[in-house]
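What's counted below: heavy atoms across the whole structure, side chains too, no hydrogens, waters or symmetry copies.
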Amino acid sequence: MNQIYSQPNNNLGAKRWALYIFISSIPIIGFIMLLVWAFSSSENLHLQEWAKGKLLIALIVLIIVLGFLFLAGGIGILTAIFNQ
C-alpha cells in the first residue's frame, strides 16, 4: 500500500516545540542543548535539523558582529592616531 502509513509519526507537538524553544533561549544551557540536539543520533530528525539551523544562524550572526567590532575598532584606532 502507501508507505506514509508504515512510517512512524515523527511530528512534535506544540508543547514540546515551545519547551525546546524556551530551553534554547537560555544563554549557556541553550547553546549546550542545541549542540546535544543537533549531533545526537537518538533525537528526532526534525529537532536535529532545527538545532543545526539555529546553530548556523548563531554562527553567521557571530561572524557579522565580530566583523563590525573589528571595523569599529580599526576606525577608532585610526582616528586616535590621526587626532594626535
Side-chain angles (χ1 to χ4, degrees):
M1 284 269 190
N2 198 346
Q3 291 182 354
I4 295 174
Y5 297 113
S6 64
Q7 293 177 352
N9 187 3
N10 290 332
N11 295 333
L12 297 173
K15 291 179 185 178
R16 291 198 63 164
W17 276 116
L19 179 65
Y20 291 140
I21 292 169
F22 174 72
I23 291 173
S24 70
S25 67
I26 300 171
I28 296 171
I29 296 170
F31 179 73
I32 293 170
M33 289 307 298
L34 282 174
L35 290 173
V36 169
W37 293 330
F39 301 112
S40 174
S41 62
S42 63
E43 291 296 333
N44 187 309
L45 180 64
H46 301 293
L47 180 62
Q48 285 180 345
E49 296 300 320
W50 173 76
K52 288 177 185 176
K54 280 200 62 131
L55 288 171
L56 180 63
I57 290 172
L59 179 65
I60 291 169
V61 168
L62 178 67
I63 290 171
I64 291 171
V65 166
L66 288 177
F68 280 128
L69 286 175
F70 284 126
L71 181 66
I75 292 172
I77 290 173
L78 288 175
T79 57
I81 290 173
F82 289 120
N83 286 336
Q84 289 183 358

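- Linking ILVMFWY residues whenever their side-chain heavy atoms come closer than 4.5 Å, directly or via other members, places Leu19 and Leu35 in the same cluster.
- Here the CG atom belonging to Leu78 is positioned 10.5 Å from the CG atom belonging to Asn83, to the nearest 0.5 angstrom.
- Interatomic distance, CG of Leu34 versus CG of Leu56, reported as 12.0 Å (0.5 Å rounding).
- Distance CD/Gln48 to OG/Ser42: 8.0 Å, rounded to 0.5 Å.
- By the criterion of side-chain heavy atoms lying less than 4.5 angstrom apart, applied directly or through intervening Ile, Leu, Val, Met, Phe, Trp or Tyr residues, Leu45 is not grouped with Phe39; the two fall into different hydrophobic clusters.
- Ring geometry for Trp50 versus Trp17: interplanar angle over 60°, hence perpendicular rather than tilted (30 to 60°).
- In this structure, the separation between CD1 on Ile29 and CD1 on Ile23 is 9.0 Å, given to the nearest 0.5 Å.
- Between Lys54 and Ser24, the shortest heavy-atom contact is NZ-OG, 3.6 Å.
- Between Ile77 and Ile81, the closest side-chain pair of non-hydrogen atoms falls below 4.5 Å.
- The line from CG of Leu47 to CZ of Arg16 is 8.0 Å long, rounded to the nearest 0.5 Å.
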Check: How far apart are the C-alpha atoms of Leu59 and Leu55, what are their side-chain angles, what is the distance that settles it, and do they pass the side-chain contact (heavy atoms from CB on, under 4.5 Å) test?
Finding: CA-CA 6 Å; Leu59 179 65; Leu55 288 171; over 6 Å; no

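- Counting heavy-atom neighbours within 6.0 Å of Leu66 CG, excluding the residue itself, gives a total above 12.
- For the atom pair NZ (Lys52) and CH2 (Trp37), the distance works out to 15.0 Å, reported to the nearest 0.5 Å.
- Cluster membership for Leu62 and Phe31, using ILVMFWY side-chain heavy atoms within less than 4.5 angstrom, is not shared.
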